[in-house]
Amino acid sequence: MKKIKRFLFLPLLILLAFTLTACGQHASSNVYQKVKESKTIVWGVRADTRLFGLTNIKTGHIEGFEIDLAKALTKQMLGKDAKTDFVTTTANTRIPLLKNGNVDAVLATMTITPERAKQVTFSKPYFPAGSSLLVPNNSKIKNVKDLEGKTVLAVKGTTAVDDVHKYAPKARILQYDDYGQAMSALKANQGVALTTDNGLLAGIAQENPGYKLVGGVYSNAPYGIAVNKGQKQMADHIDQALNELQKNGTYDRLIKKWFAGIPGFNLKGVLK
């Protein structure tokens with residue numbers, strides 16, 4: 001009986017050892033060498049964020065600044081014949097997809113934070129995001145300090161709520177589940193301004209004529225491209241490619257393509 005148990009247990013030990021070895025290889029594999037050999041980079045991107053990454057319901061393709069930037073970075077890093085693949089992510093799935101190896105890099109309105117930097121390696125900032133304000137065109141609100149004693153609209157869980165209180169401690173904040181609800185409240189005059197990242201507000205302004213961004217940004221929360229922890233070579237090559245795109249004018253061309261003409265958006269503050 002003991003011999004039978006040992007016989008059955010041995011394959012399990014072999015399987016376990018193989019699994020652990022495979023996991024170790026995956027964790028230590030060089031992502032840059034992999035994409036260099038395959039001539040393909042799999043990017044985790046947003047498909048629900050206007051101007052950055054949004055699915056075109058007519059074509060079924062994702063379009064936006066980050067999509068174009070990912071394509072440009074891929075060709076800069078791997079050559080003109082390189083291919084770009086996209087995997088849709090959300091705020092909650094970005095890091096798990098990266099950790100599981102489903103994507104090579106994440107380019108998805110991801111703010112660089114010390115907490116996230118413990119789990120991933122960030123590139124240099126590629127978009128100078130920060131909290132801003134969206135108001136009606138006829139509003140007297142000029143900057144965040146004008147919100148003192150007034151009602152401001154925001155979305156639950158965003159950093160903008162804390163940011164407002166730093167500059168306007170007596171502001172009253174109404175929080176909603178999503179930006180659609182918050183924008184409806186602004187149209188109904190339930191608050192004097194809607195606050196969140198400037199890039200997100202630019203997308204909302206584009207959808208809603210009669211509203212504009214004011215006051216520039218009153219917090220610093222730039223977006224970065226994330227790769228898995230330990231993939232420094234991949235991060236370094238992304239930084240090099242981003243530098244080249246900024247030098248040769250590609251970056252500015254893409255910024256103008258997606259953000260030019262939006263009322264109140266500080267285009268000069270983004271151009272390189």
Side-chain angles (χ1 to χ4, degrees), residues 29-56 61-91 93-95 97-112 116-117 119-129 197 199-200 202-203 221-260 267 270-272:
S29 61
N30 189 310
V31 171
Y32 177 70
Q33 292 301 321
K34 186 198 76 169
V35 302
K36 188 178 179 181
E37 292 173 6
S38 66
K39 289 284 186 179
T40 302
I41 297 180
V42 181
W43 298 89
V45 297
R46 300 296 293 264
D48 60 354
T49 307
R50 185 171 293 275
L51 300 182
F52 288 90
L54 183 69
T55 300
N56 184 321
H61 296 149
I62 308 173
E63 301 172 352
F65 168 68
E66 290 180 332
I67 306 305
D68 286 352
L69 182 59
K71 292 176 181 178
L73 285 168
T74 300
K75 293 186 182 300
Q76 183 65 42
M77 291 170 66
L78 305 177
K80 294 181 180 179
D81 297 329
K83 296 180 181 180
T84 308
D85 288 340
F86 297 113
V87 173
T88 301
T89 68
T90 65
T93 63
R94 289 179 299 200
I95 292 179
L97 284 171
L98 195 59
K99 290 293 186 183
N100 292 336
N102 301 107
V103 298
D104 300 316
V106 169
L107 182 55
T109 63
M110 194 170 181
T111 302
I112 300 171
R116 287 173 180 162
Q119 303 181 69
V120 303
T121 296
F122 281 106
S123 70
K124 60 179 286 187
Y126 67 89
F127 189 86
D197 289 355
L200 300 181
Y223 297 154
I225 300 168
V227 299
N228 209 350
K229 203 69 175 173
Q231 298 297 336
K232 187 177 183 300
Q233 190 177 17
M234 184 67 172
D236 288 345
H237 279 276
I238 289 174
D239 279 345
Q240 291 172 20
L242 189 55
N243 286 336
E244 288 301 316
L245 295 181
Q246 290 173 343
K247 289 178 182 178
N248 66 27
T250 300
Y251 177 89
D252 283 359
R253 177 176 60 79
L254 295 181
I255 286 290
K256 290 176 182 178
K257 173 184 176 181
W258 291 102
F259 295 94
L267 198 63
V270 181
L271 295 175
K272 299 298 182 182

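Just the heavy atoms: all of them, side chains too, but no hydrogens, waters or symmetry mates, feed the values below.
- Between the side chain of T111 and the backbone N or O of P222 there is no donor-acceptor pair closer than 3.5 Å.
- Counted by atom type alone, Q246 and K124 present one or more donor-acceptor pairs between their side chains at under 3.5 Å.
- A pairwise comparison of heavy atoms in L242 and P125 identifies CD2-O, 4.0 Å as the closest pair.
- Remark: side-chain polar atoms of D104 are paired, donor with acceptor, to backbone N or O of V42 under 3.5 angstrom.
- Looking at T40, its side chain does come within 3.5 Å of a backbone N or O of S38 through a donor-acceptor pair.
- With hydrogens and angles disregarded, a donor-acceptor distance shorter than 3.5 Å links the side chain of K99 to the backbone of Q119.
- Between V120 and A226 the shortest heavy-atom distance is CG2-CB, 3.9 Å.
- Between F259 atom CZ and L51 atom CG the span is 5.0 Å, to the nearest 0.5 Å.
- A donor-acceptor contact shorter than 3.5 Å is absent between the side chain of T93 and the backbone of T89.
- R94 places a side-chain N or O within 3.5 Å of a backbone atom of A108 that can act as its donor or acceptor partner.
- Under the 3.5 Å distance criterion, the side-chain polar atoms of Q231 are matched with a main-chain donor or acceptor of S29.
- Considering every non-hydrogen atom in both T74 and A82, the closest pair reads CG2-CB, 3.8 Å.
- Side-chain contact check for F65 versus I255: some heavy-atom pair is nearer than 4.5 Å.
- V45 has its side chain within reach of I62: a pair of non-hydrogen atoms, C-beta onward, lies under 4.5 Å apart.
- Expressed to the nearest 0.5 Å, how far CG of N100 lies from CD1 of I95 amounts to 12.0 Å.
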Problem - Audit row: Y32, D236, side chain to side chain contact (heavy atoms under 4.5 Å, CB included) steps and yes/no - result: CA-CA 10 Å; Y32 177 70; D236 288 345; over 6 Å; no
Exercise for the section: Start with the C-alpha distance between L73 and I225, add both sets of side-chain angles, then the distance that settles side chain to side chain contact (heavy atoms under 4.5 Å, CB included), and finish with yes or no. Expected result: CA-CA 11 Å; L73 285 168; I225 300 168; 3.7 Å; yes
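- For the pair K229/T121, a side-chain contact is recorded, criterion being any heavy-atom separation below 4.5 Å from C-beta on.
- Looking at heavy atoms from C-beta onward, M234 lies in side-chain contact with I41 at the 4.5 angstrom threshold.
- Panel note: side chain K39, backbone L78; a donor-acceptor pair is recorded below 3.5 Å.
- Looking at T250, N248, N243 one by one, the single match for side chain to side chain contact (heavy atoms under 4.5 Å, CB included) with Q76 turns out to be N248.
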Exercise for the section: Take V227 and V31 through the side chain to side chain contact (heavy atoms under 4.5 Å, CB included) test and state the conclusion after the steps. Expected result: CA-CA 9 Å; V227 299; V31 171; over 6 Å; no
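- Considering W258, Y126, Y223 as possible partners of E66, the one that fulfils the side-chain hydrogen bond (donor to acceptor under 3.5 Å, both in side chains) test is Y126.
- Under the 4.5 Å side-chain criterion, counting only non-hydrogen atoms from C-beta, K256 is not in contact with R253.
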Practice task
Step by step, work out the side chain to side chain contact (heavy atoms under 4.5 Å, CB included) result for L245 and L69.
Solution key: CA-CA 9 Å; L245 295 181; L69 182 59; 4.0 Å; yes
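- The shortest non-hydrogen separation linking R46 to T90 is NE-CA, 4.2 Å.
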